[in-house]
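Single-structure report; data block below.
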Amino acid sequence: MKAYKLHEPKSLENFTLNNYDEPAVRDHEVKIQVKAVSLNFRDWALANGWFGYPGEKLPFIPFSDAAGVVTEVGQSVTTIQVGDRVAVNFFPDWHDGPFSAAKTARSLGGSTDGVLAEYVTFPENSVAKVPDSFSFEEAAAFPCAGVTAWHSLVMQAQLKPTDTVLLQGTGGVSIFGLQIAKLMGAQVIITSSSDEKLAQAREMGADYVINYKATPDWDEQVRALTQGQGADYVLEVAGQMARSVKALKAGGSIFQIGAVGGPANEAPNLGMVPINTQRIQGIYVGSTHMLTDLLQAFDRNQLKPIISQTFGFEQAKEALAYMGSGSHFGKIVVQVG
């Protein structure tokens, strides 16, 4: 089979496509012919050597999000059949239940081999069945960004129509957050440096938009839009915690997810957080069960993930470069099979 591997030292130049043996299926595993994968900012950061995992061993197969068709099952497999369409969970060992260090020790395309290959094998509990309403490209968009937004807004926040959610930027997590928040009937404020992207967000149901280049003090604008109260929930993906805390309502929660905007310019005054009974909750993707619930919720409500651009398998480097440019709105997908 063909597969990409990231070699040492990390760089796009050492991100190469070669021929390898197909993986063998063990008793409890399923073999998947990968049809599509999607990118996350993490993939770009890893490929460019921005960070690594403890004990990381290069070379490894990159990327974490894939969808495809099952071509073989192990003798002990009972819930998945040959021909099933499936998506792979970001954490192969987090099947259900709450977060734990053991369940999240292995993350695809980082601390263990990922999915940018023609064939992969995983335990049956590590994959979710994909409803027929989704293409493989759409299904591949869900596992990391979609589950992260679902974990935050549905599992943790238990979002209500009376709530206001602040979303940062228009990447995968934020756009899934917009779709999920509107599905739950909540009010949404979203930021971007692009008026064109903000117009797209408006079309998708965003109630208020803020261009953070034109309005650098966007936290003050959030308070103004919420009658001085602040947002109930913030999906913090930009690494701007100081302003997120200022934009947060007393008693509200920030879901700390990433730092795609680079290091924060100002350290937050966390001394005020307990006084205001605010909460900062780290979110590290989620379980196979969450992925299954998310797929079913979008299917049931006839929602589709937003795909910015699709690349061919031979264009994986170009897809990474596009991710690094920040030009995307929603998800970036690479077709494999």
Side-chain angles (χ1 to χ4, degrees), residues 36-48 50-51 62-65 90 107 109-110 137-138 140-153 165-182 188-206 209-213 218 231 233-241 243-244 247 254-264 282-286 294 298 303-311 316 318-334:
V37 302
S38 77
L39 280 67
N40 300 289
F41 179 78
R42 164 186 182 264
D43 301 318
W44 183 88
L46 276 167
N48 283 277
W50 276 29
F51 75 99
F63 293 15
S64 61
D65 295 15
F90 181 91
S107 58
E137 291 78 9
E138 290 165 342
F142 284 96
C144 182
V147 171
T148 297
W150 182 266
H151 187 182
S152 302
L153 298 178
V165 178
L166 171 62
L167 304 171
Q168 298 174 339
T170 54
V173 173
S174 294
I175 295 304
F176 268 114
L178 171 57
Q179 292 178 289
I180 292 167
K182 297 314 297 183
V188 171
I189 304 171
I190 192 166
T191 69
S192 174
S193 61
S194 165
D195 288 334
E196 181 181 354
K197 290 180 180 180
L198 290 174
Q200 289 178 268
R202 277 275 201 190
E203 291 177 3
M204 291 180 61
V209 299
I210 302 173
N211 186 315
Y212 63 78
K213 292 291 187 184
W218 51 264
Y233 300 102
V234 179
L235 292 193
E236 171 52 69
V237 302
Q240 299 294 315
M241 183 64 76
R243 292 198 182 277
S244 292
I254 293 173
F255 298 113
Q256 173 62 41
I257 295 161
V260 299
I283 297 291
Y284 197 10
V285 199
L294 171 62
F298 268 56
L303 288 172
K304 298 279 191 176
I306 305 302
I307 296 175
S308 175
Q309 192 160 330
T310 301
F311 294 81
E318 287 88 341
L320 279 168
Y322 185 62
M323 167 64 75
S325 75
S327 301
H328 57 292
F329 182 96
K331 295 290 292 180
I332 302 166
V333 171
V334 172

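Below 30°, between 30° and 60°, or above 60°: for Trp44 and Trp50 the angle between ring planes is above 60°, a perpendicular geometry. Using a 30° and 60° split on the angle between ring planes, Phe255 and Tyr233 fall in the parallel class, below 30°.
Summarising the geometry, atom CZ belonging to Phe51 is positioned 6.0 Å from atom CZ belonging to Arg42; distances are rounded to the nearest 0.5 Å. Going from atom CG of Leu303 over to atom CD of Gln179 covers 6.0 Å, rounded to the nearest 0.5 Å. The distance from atom CZ of Phe329 to atom CG of Leu198, rounded to the nearest 0.5 Å, is 8.5 Å. The line from NZ of Lys331 to CG of Asp65 is 5.0 Å long, rounded to the nearest 0.5 Å. For the atom pair CD1 (Ile306) and CD (Gln200), the distance works out to 9.0 Å, reported to the nearest 0.5 Å. With rounding to the nearest 0.5 angstrom, the CD1 atom of Ile210 is 11.0 Å from the CG atom of Leu167.
Of all non-hydrogen atoms in Leu235 and Ser152, the two that sit nearest each other are CD2-CB, 3.6 Å. Ala47 approaches Leu320 most closely through the heavy-atom pair CB-CD1, 4.1 Å. The two atoms that bring Ala145 and Gly172 nearest to each other are CB-C, 3.6 Å, heavy atoms only. Closest non-hydrogen pair, Ala36 versus Ala140, comes out as O-CB, 3.5 Å. When all heavy atoms of Val234 and Ala231 are compared, the pair lying nearest together is CG2-CB, 4.4 Å. The two residues Leu178 and Ala201 have their closest heavy-atom pair at CD2-O, 3.9 Å.
Scored by the side chain to side chain donor-acceptor pair (under 3.5 Å) test, Asn48 finds no partners at all (sequence neighbours excluded). Applying the salt bridge (Lys or Arg N to Asp or Glu O under 4.0 Å) criterion to Lys304, with sequence neighbours excluded, gives Glu138. Applying the ring-ring contact (aromatic ring centres under 6.0 Å, His included) rule to Trp218 yields no partners; only residues at least two apart in sequence or on another chain are considered.
Between the side chain of Ser194 and the backbone N or O of Lys197, at least one donor-acceptor pair lies under 3.5 Å. At distances below 3.5 Å, not a single donor-acceptor pair connects side-chain atoms of Ser192 with backbone N or O atoms of Asn211.
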>> Between Phe63 and Leu39, does the side chain to side chain contact (heavy atoms under 4.5 Å, CB included) criterion hold? Intermediate values first, please.
In response: CA-CA 7 Å; Phe63 293 15; Leu39 280 67; 3.5 Å; yes

> Can you list the steps and then say if Tyr322 with Ile332 is a side chain to side chain contact (heavy atoms under 4.5 Å, CB included)?
Replying inline: CA-CA 8 Å; Tyr322 185 62; Ile332 302 166; 3.5 Å; yes

>> Go through it in stages, so that I can follow the logic: the residues are Gln168 and Ser244, the test is side-chain hydrogen bond (donor to acceptor under 3.5 Å, both in side chains), and I'd like the CA-CA distance, side-chain angles, deciding distance and then a yes or no.
In response: CA-CA 9 Å; Gln168 298 174 339; Ser244 292; 2.8 Å; yes

> Stepwise, does the side chain to side chain contact (heavy atoms under 4.5 Å, CB included) test hold for Met204 with Lys182?
Replying inline: CA-CA 9 Å; Met204 291 180 61; Lys182 297 314 297 183; over 6 Å; no

> Checking side chain to side chain contact (heavy atoms under 4.5 Å, CB included) for the pair Gln309/His328: CA distance, chi angles, key distance, verdict?
Replying inline: CA-CA 7 Å; Gln309 192 160 330; His328 57 292; over 6 Å; no

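Using a 4.5 Å heavy-atom threshold, the side chains of Asp43 and Met323 count as separate. Side-chain atoms of Thr191 and Leu166, non-hydrogen and from C-beta on, do get closer than 4.5 Å to each other.
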